[in-house]
Each structure stands twice: as C-alpha cells, then as structure tokens.
2 protein chains.
Amino acid sequence: MLTTERKALIQQVLRRDGRLIAKSFAYELGVSEDTIRRDLRELAAEGLLQRVHGGALPASSATADYPARQSTASSSKALLGLAAARLIQPGQIVFLDGGTTNLQLARQLPLDLKATIITHSPSVAVELACHPSVDVELIGGRIFKHSIVAMGSTSAEAISRIRADIFFMGVTGLHPETGATTGNGEEAAIKRLISRQSGETIVLATEEKLGAASPYQIVPLAEIASIIREPGTDEKSSRLFRSVAIKVLQANAPKQD
Amino acid sequence: MLTTERKALIQQVLRRDGRLIAKSFAYELGVSEDTIRRDLRELAAEGLLQRVHGGALPASSATADYPARQSTASSSKALLGLAAARLIQPGQIVFLDGGTTNLQLARQLPLDLKATIITHSPSVAVELACHPSVDVELIGGRIFKHSIVAMGSTSAEAISRIRADIFFMGVTGLHPETGATTGNGEEAAIKRLISRQSGETIVLATEEKLGAASPYQIVPLAEIASIIREPGTDEKSSRLFRSVAIKVLQANAPKQD
DNA sequence: CTTGACTCTGCACGATATTGCACGAATTCT
DNA sequence: AGAATTCGTGCAATATCGTGCAGAGTCAAG
C-alpha cells in the first residue's frame, strides 16, 4: 500500500462518509494507527482535511461550513446584490448561482421587475417564490450539501438546454492569473457550463475574494464580463482587472432612499 | 462518534429544531448526559449557542426566528410529520411533496436515517440540505409560486424517469367519493404522475382535510395506500376510509421523551 | 555489488483528551 | 416548602495523541 494511495483513500472516505475514525480505518487497511495518524496530520497540514480527536472530518465540511457563512451575510453583500439587481433589464433571462451573495441579489430584485430567473439553488428559488412578477425556473439534480445547489449530470443536462442573458456567478476566489476559482471541482465544472451558456458572466466579489485563489478554476478572467465589488475595496486591484478588459463596477455606498 | 462530529450535530439540531433537550439528545446518541452537557457548556463558551436549563437554544441571532417557525409549524403537523418519518426504512427512495406538512416531515427525519429523498419543493430541499445522511435529489422545473414547487413539462419528464418506494403526498381534500383533491389542475396532474411512479402513496391529512373536497382530483381513493391522521380526529371518518382498504394510521399524541 | 542516505513503518511511552460516575449545589415544578 | 430535575465539579478509567527510536525497504552513487 503506497502512502500516496492511502492518502487518496482517506480523502475518498471523507468525501463519502464525511468522517473517518483513525482506529477503525487503520484496522481496515491493515496498517498501524500511527501510520494513519501520521497521514492525517500531514493532510491536515496541507489543509485537505480537518484533524479532530479520534479521526478526521472534511476540511470545510457541510456540517460546519455553510451555516457559518450564512451568518456572515453582511450588509456589504446586500449592497453588492442591489448593484447587481440594477443591471437586469426587463425581459431578460438571468441565471442566478447559489451562495449567500446571490441570495442577497434575489432579495434585492425590484418588485416590479419582469424577468426570468433560472437557478440551481433551492434557497434562491424559495426566496424568489414570493416575488410578484419574475418567473422562476429551477434546475434539478442531486443536492450538493456543501453549498446547497443542485449538481450532477441531471443538472448539467438541464443547464445545457438553456441560454441565459446574464449569469451572476458566485466564486470563492478571483485572481488576475488563476481567474475565477472555487473549492470543488464538480462545482467548478457546473459553473463553467452555466457561464458558457450565458451571454455574459458577472462576478459579485466581496473584498476577501479579490486577489484570492481556490483550488479549482472555473473560467479564466477573459471569460468574465464584469466584476461588482464592494465600496471601499482597494483601487489597485481593480485597475489590474480592468487592464484585461473587464469592467469593474463598484456597489454604491449605502444611501437613504 | 467523534466529539467534534457530535458538536456539529448539536448545532445542526439547534438550527433544525431551534432547541435541544440535553437528556433526550444524550439518549438519542447513546452517550451520557454528562457528555452532552459538557459539549453544550463548551459550545456556549465559544458563543455558538445559548445554554439554558435542560438543554440549549441557538445563539441569540437565530432565537428570534424560532417563534416564527414554531407558529407556522402547528404542533399537529409536526406530529403527522413524525409519524410519517417513522415509516421510512433505511435505504428507501422517498418522494416528498411540497407543503408545510411535508416540510415538517423533512424536519422530523431521524438524524441517522440513510435514504434518498426526492422532492420538487425547493423548501424541502433546503431543509434537508443540513441533514447529515440523506441524499437529496431535486426535481427542477418552472416554480409554481402558489405552492412553491417545481412544475411543468421539465418536472414531469424528470419525474417520469424516477421510481420511488414511497410518495408522501400533500392534498387539500380527501373524501371517500372524490378521492384526493387539490386546488390546481396542473398540480393535480403532477401529483398523479408522482403517485403512479411510486410504490405506495401516503397522504398526511390534518383534520380539516378529511372529508373535504377541492376542484381537481389527483387520484381516486383506491390508489392511496395509507392515510396518516392527527390524533383526536373523528373516528367515524376513519372507518369510512378503512372500508375501501386504506390503512389509516394515527399520529401519536405528544409524549415525554 | 556495496554503501550510505533517505523514507516509511511499527512500537514504546509519557502526555493529553474524553467519558461516565458520584455527589453536593442550583434550578424548576408542584 | 418540598420533590424532582438538572447542573457543575472532582475523579478515575480508558482512549487517543505526539514523539523518539529502530528496523526494513528503496535508490543512487561509488
């Protein structure tokens, strides 16, 4: 049994079961617990999993991660959402990605907007169900619990039959060289597909995502039409993106209206 | 059971139910109350929940949202949901209809249940996204805003490719002569389709629906396997349904556990 | 072919974490 | 007020962890 092989297996088990018990896994593989523990320690050092007493959990498991992010839904995301919502023209077909920022966008849609919103996020669909005039088209598929969106072949097929005018894409990183990135390979593939089915792709980027990079590339920067950033973001990075012909729009500071 | 995992579970239950009883949760997990109390204390120290006598509540922010959910979830629907959740065997494929009663059902699924839940209700999908062990398959389609479920030809096509073991169907009327009925023709058609793709169809009926009829028939009584009714419902009507070979199960009255 | 450097693995052992129980204090219910 | 829970702490048993160390295997240079 190769070390690398074993480590791959560990990550596979984590993805499958969402947990790994050091003791039982060692027995299963016929190696000592020490070896497994060593593997776990090393993988944890690389940030590939979360080491806990007794075994390991996925790095950013569905168990702890999403709700934590949910609570970070700050007012800046609402501002981004509002700025994005204003870009939508009546009658357009808009694809809304999952994630808290896009959920904010859904919440900010003008109540008199007539448009078709397509989404693979059940949360966004629920949010829009009480909007009086937009049509909502839900993409089905297997629910990916980490980010609560539909994924898999069913989703991909449904998406491939649709052409949207705008895609508001959620990312976890946006970097001049690595482009738009996210933390999951399959997720990246789905986003890429949606992006290519859409007239233009717009990224809503909170400050911490600008200049950051995650493991999986969705698309290179060239395929992104615009970036909407928070007010107060460092102007330097914006210039960097503008230099590759991307529009960088700044969300307005809060105003009394 | 890893300690970290258990703590994550505690927070999940808190988000799901809005509260946690130390004693019953300890029993549910098969650990001592001391262990749970210790966890609660530690989580409280991190500000992740609010410790109260007998158990815990979500950390302040979410507390406000609990009474809201509590009110929409009348206790009788929760009871119906619980009774229904117990009918699901591990490994089964279950189709969950939309509606508040089925949302309750989703909320009541045992945390250790391994099954596949299919639904065309984004609300149910969101609710189940934080369930640790069920797979969730979302049916896409145009969102019908009145009942917040996906409908239309896309949904019908996706449904027709699936065979489920059980279908928990929401209805607005259940009458010995008109059968199961609902208020919208297209909705009735979709429910009928799901019912015919499923091994058995089970209706969760709150008291006001028994003996009532709505404009559109979904299926005749003969195609319904069981009805789950609230405790305290008039026994006469149950006999009527039993006479056409339908099992009528009664949800248990609340018990102290 | 031999030697030496290197890696991987399993074992030993002290350190640390977790758990369940006991018991008195605090809280809630009646 | 009195009974019944629930709570918190101390404690002992057990499980798990991390580290140092030695043997086995690998590989490349000599």
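In the text below, chain A, chain B and the rest are named by the order of the sequence lines, each starting its count at 1.
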- Query: Applying ring-ring contact (aromatic ring centres under 6.0 Å, His included), which residue pairs with at least one partner in residues 91-128 of chain B are found, sequence neighbours left out?
  - Reply: Phe95(B)-His120(B), Phe95(B)-Phe167(B)
- Message: Are Leu80(A) and Gln104(A) packed together at the side-chain level, in the sense that at least one heavy-atom pair is separated by less than 4.5 angstrom?
- Response: no
- Message: Counting only heavy atoms not in Phe144(A) (residues, nucleotides, ligands), do more than 12 fall under 6.0 Å from its CZ?
- Response: yes
- Query: Can you check side-chain contact (heavy atoms from CB on, under 4.5 Å) on Leu43(A) and Ile10(A), steps first, answer last?
  - Reply: CA-CA 9 Å; Leu43(A) 288 170; Ile10(A) 286 174; 3.8 Å; yes
- Message: Under 4.0 Å from OP1 or OP2 of dT9(C): is there any side-chain N or O of Thr3(A) that close?
- Response: yes
- Phosphate OP1/OP2 of dG10(C): any Thr35(A) side-chain N/O under 4.0 Å: yes
- Looking only at dT9(C), dT19(C), dT16(D), the nucleotide nearest the His53(A) side chain is dT16(D)
Would you kindly give the [atom1]-to-[atom2] distance between [X] and [N], to the nearest whole Å?
| X | N | atom1 | atom2 | value |
| --- | --- | --- | --- | --- |
| Glu33(B) | dA4(D) | CD | C1' | 13 Å |
| Glu42(A) | dC17(D) | CD | C1' | 15 Å |
| Lys7(A) | dT7(C) | NZ | P | 13 Å |
| Asp39(B) | dC7(D) | CG | P | 13 Å |
| Glu5(B) | dT16(D) | CD | C1' | 16 Å |
| Lys23(A) | dT18(C) | NZ | C1' | 14 Å |

- Residues forming a side chain to side chain donor-acceptor pair (under 3.5 Å) with Ser32(A), sequence neighbours excluded: Thr35(A)
- Task: Determine which pairs satisfy salt bridge (Lys or Arg N to Asp or Glu O under 4.0 Å) with at least one residue from residues 177-191 of chain A, sequence neighbours left out, and list them in order.
- Result: Asp97(A)-Lys191(A), Arg142(A)-Glu186(A)
- Message: Holding to side chain to side chain contact (heavy atoms under 4.5 Å, CB included), I want the full list of residues that pass it with Thr4(B), two or more places apart in sequence or in another chain.
- Response: Gln50(A), Val52(A), Leu57(A)
- Query: Is it true that the side chains of Ser214(B) and Thr172(B) contain a donor and an acceptor less than 3.5 Å apart?
  - Reply: yes
- Has the side chain of Thr101(A) got a donor or acceptor atom that lies under 3.5 Å from a matching backbone atom of Leu204(A)? no
- Item | Pairing pattern in dot-bracket form [Watson-Crick, G-U; both distances under 3.5 Å; | = partner strand] for DNA chain D | ||||||||||||||||||||||||||||||
Polar atoms only, N or O, under 3.5 Å: list the protein pairs with nucleotides 18-24 of chain D and their distances.
unit_1: dG18(D); atom_1: OP2; unit_2: Arg41(A); atom_2: NH1; d: 3.2
unit_1: dG18(D); atom_1: O5'; unit_2: Arg41(A); atom_2: NH1; d: 3.3

